[in-house]
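Data block below; observations after.
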Number of protein chains: 2
Amino acid sequence: MRFIVLFLFSFTWYSQAGAAEKMGSSQGALVVTEMASGLEQPWGLGFLPGGGFLVTLRDGELRHYQPDGSFNVVTGLPQVVASGQGGLLDVVVAQDFETTRTLFLSYTKRQNGGNGTVLASARLSADFTGLEHLRVLFEMKSPSRGSKHFGGRIVEARDGSLFLTLGERGDRDEAQSLLNHNGAIVRVHRDGSVPASNPFAARAGALPEIWSYGHRNPQGAALDARGQLWVVEHGAKGGDEVNRVEAGLNYGWPVIGYGRHYTGFRIGEGTHKPGMAQPEFYWDPSIAPSGLMIYSGKLWPAWRGDFFVGSLKFDMISRLEVQAGMMREVERLNSAQTGRVRDVREAPDGSIWFLSVDKGAVFRLAPK
Amino acid sequence: MRFIVLFLFSFTWYSQAGAAEKMGSSQGALVVTEMASGLEQPWGLGFLPGGGFLVTLRDGELRHYQPDGSFNVVTGLPQVVASGQGGLLDVVVAQDFETTRTLFLSYTKRQNGGNGTVLASARLSADFTGLEHLRVLFEMKSPSRGSKHFGGRIVEARDGSLFLTLGERGDRDEAQSLLNHNGAIVRVHRDGSVPASNPFAARAGALPEIWSYGHRNPQGAALDARGQLWVVEHGAKGGDEVNRVEAGLNYGWPVIGYGRHYTGFRIGEGTHKPGMAQPEFYWDPSIAPSGLMIYSGKLWPAWRGDFFVGSLKFDMISRLEVQAGMMREVERLNSAQTGRVRDVREAPDGSIWFLSVDKGAVFRLAPK
């Protein structure tokens, strides 16, 4: 392996108490504004037309914020199993929300003999106070008793179908099976039916919802400008990954992976194997990647197409870019206020928003 | 790497002189019928509606065969550079041939300072005697003086766009460049324009025709039942590959590869690297793979979805199937008559046809 000079920016600015928070970056100082606070374990963030937004709290609460900062707790939420890494997870505002009022939610549901990740749709009432017509679109098969590796990130594809990421629930070897949903990314239509174009839709001995498999615990997912799906996933120690997700591919866990098991043992057969996809990038040491956002906005033209990934371990947002065909981490955005980052999103105005677990807050980044 | 028990059939039946040739297979005996002979370096084969077919000869000749076995040499062919591995290469009969009479051809053309692979369309006259309206749709940039690794296989995608495989012309490092077409698979519309959905269409510093890159010399290509593009390519010694081709991906040559350079040296950085695609399968020892066909016919239901790859080295057709998510070579079809195999195709009736270089013949395989 050739030696690669990695030019990595990392800025930390300590602001005076009470003053507006600032954060350094390769694109100059960023203004950090707190948009919401007092949030216990925020997980997902969705923007509404007109300037409002939604935040999920893992214990099962969905909050609606008005543009003026006031909020209400939305009623009619499903019963969730808030235990370990599970609970109410992601929220996505449908592309056609203005006409349909549709939201998509992921959460952990009690199932026979355990619990599993579920994808549901619902309508948000006209006054933003309650959910109506809650409907389960997909429910993970093979419930597991454990309370980790639920995945849970939702992406609405351009054609309106829905991707949901699923972790292997700690049942490592099940990530290689097509007979359960552990460690898979699944794709369903918004009425819950299975697209005939899914790669295993017509294959005997495979669950038809599976889009890709061999994942460990993908908690971040986004589309790029071409509509291509990407995920970030918690890997083994020294092996957190960025993956470009293609229909039908096997991402290798636990047969291959970079890094080592947290027990110190070598992973399966090593780092690579024919027929198993390589990551586009891996972090060593691991950063515990959460939400993924691929920037497309106007505020920082130089960042268009770059990947922004929240870190639950290093209290920062990792920025990756592609240079000469290779993905590289080039910057880590953080300040004294960042804390553990659970989600990163681009707002309609091109500003970058993130959820801080430690601060229990939603922050907005904008140019100075 | 775990030890894998590979159940590989290999049959050779010697028939009596003058008797109908037979070939053993896992699906019982196959009848081998010579459909055309006296062919010097046949390269590509295309089926016409009504039972006729076309064969290209590398020196620049296109032959049209009637269902009764008689043939004529088609006139109006472009000037080709028949030198080394170059010359007239593939022929594809357009999906809409019955209404448009369109064919697609690939060949080697003299260019400033060298030669390069070209994709052209033409109409076959109503009496099958001549080409009309020959039009170059794509011409490889960066001509090379060498006479090897031209690629040259054409695939018509379901949407009517055209894929053309290109080797790195022996200029190994150029396979990693997006500024030339060496070692790339390109995609153009049938009017020669570049699809806006090509992965590099909007990227500065990249040729917009490129679909994938980092290939060595792909000479076989086909679509599977889902419309997914696959190629087989001549790799390094012990590293011939089957690749599932995705838009924008880097297939790694010469940075990574299985096997070794023919000089005995280790390849680039080894067998794998993040951001570079792994093959689905590789042959060690190399078989020198030529044409690729993915079976979809009625004659051997057990073979549906299997890959059939011609070998220029071992005088056989390699059959691969996917077992438990892994591609494996499970059978080698050959007989005393096979010789070096340049192309394998499925005929409209579900029989398997192949071109033998040594025998200068077109053969048809059918159940006994």
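Sequence lines set the chain letters: A, B, ... in the order given, protein chains first and strands last, and positions in each chain run from 1.
Nearest heavy-atom pair across A:Arg226 and B:Asn198 is NE-O, 4.3 Å. Residues B:Tyr213 and A:Gly325 share a closest heavy-atom pair of OH-CA, 3.9 Å.
Within the 4.5 Å cutoff, the side chain of A:Pro274 has heavy atoms near those of the B:Tyr282 side chain.
Interface summary for chain A: among B:Gln176, B:Gln228, B:Arg244, the most heavy-atom pairs under 4.5 angstrom belong to B:Arg244. The greatest number of non-hydrogen atom pairs below 4.5 Å with chain A, out of B:Pro279, B:Gly275, B:Gly305, is found for B:Gly275. Comparing A:Pro199, A:Gly270, A:Ala277 by how many heavy-atom pairs each has under 4.5 Å with chain B, the most go to A:Pro199.
Heavy-atom distances place no part of A:Ala202 under 4.5 Å from chain B, backbone and side chain included. With a threshold of 4.5 angstrom between heavy atoms, B:Ala206 does not approach chain A through any atom at all. There is no contact between B:Ser177 and chain A, counting heavy-atom distances below 4.5 Å.
Residue-environment remark: OH (B:Tyr262) exceeds the threshold of 12 foreign heavy atoms within 6.0 Å. Around NZ of B:Lys237, the count of heavy atoms belonging to other residues, nucleotides or ligands within 6.0 Å does not exceed 12.
Note on ring orientation: taking the six-membered ring where Trp is involved, the planes of A:Tyr258 and B:His272 are tilted (angle from 30° to 60°).
Within the model, atoms OG1 of A:Thr271 and CD of B:Gln278 stand 8.0 Å from one another, a figure rounded to the nearest 0.5 Å.
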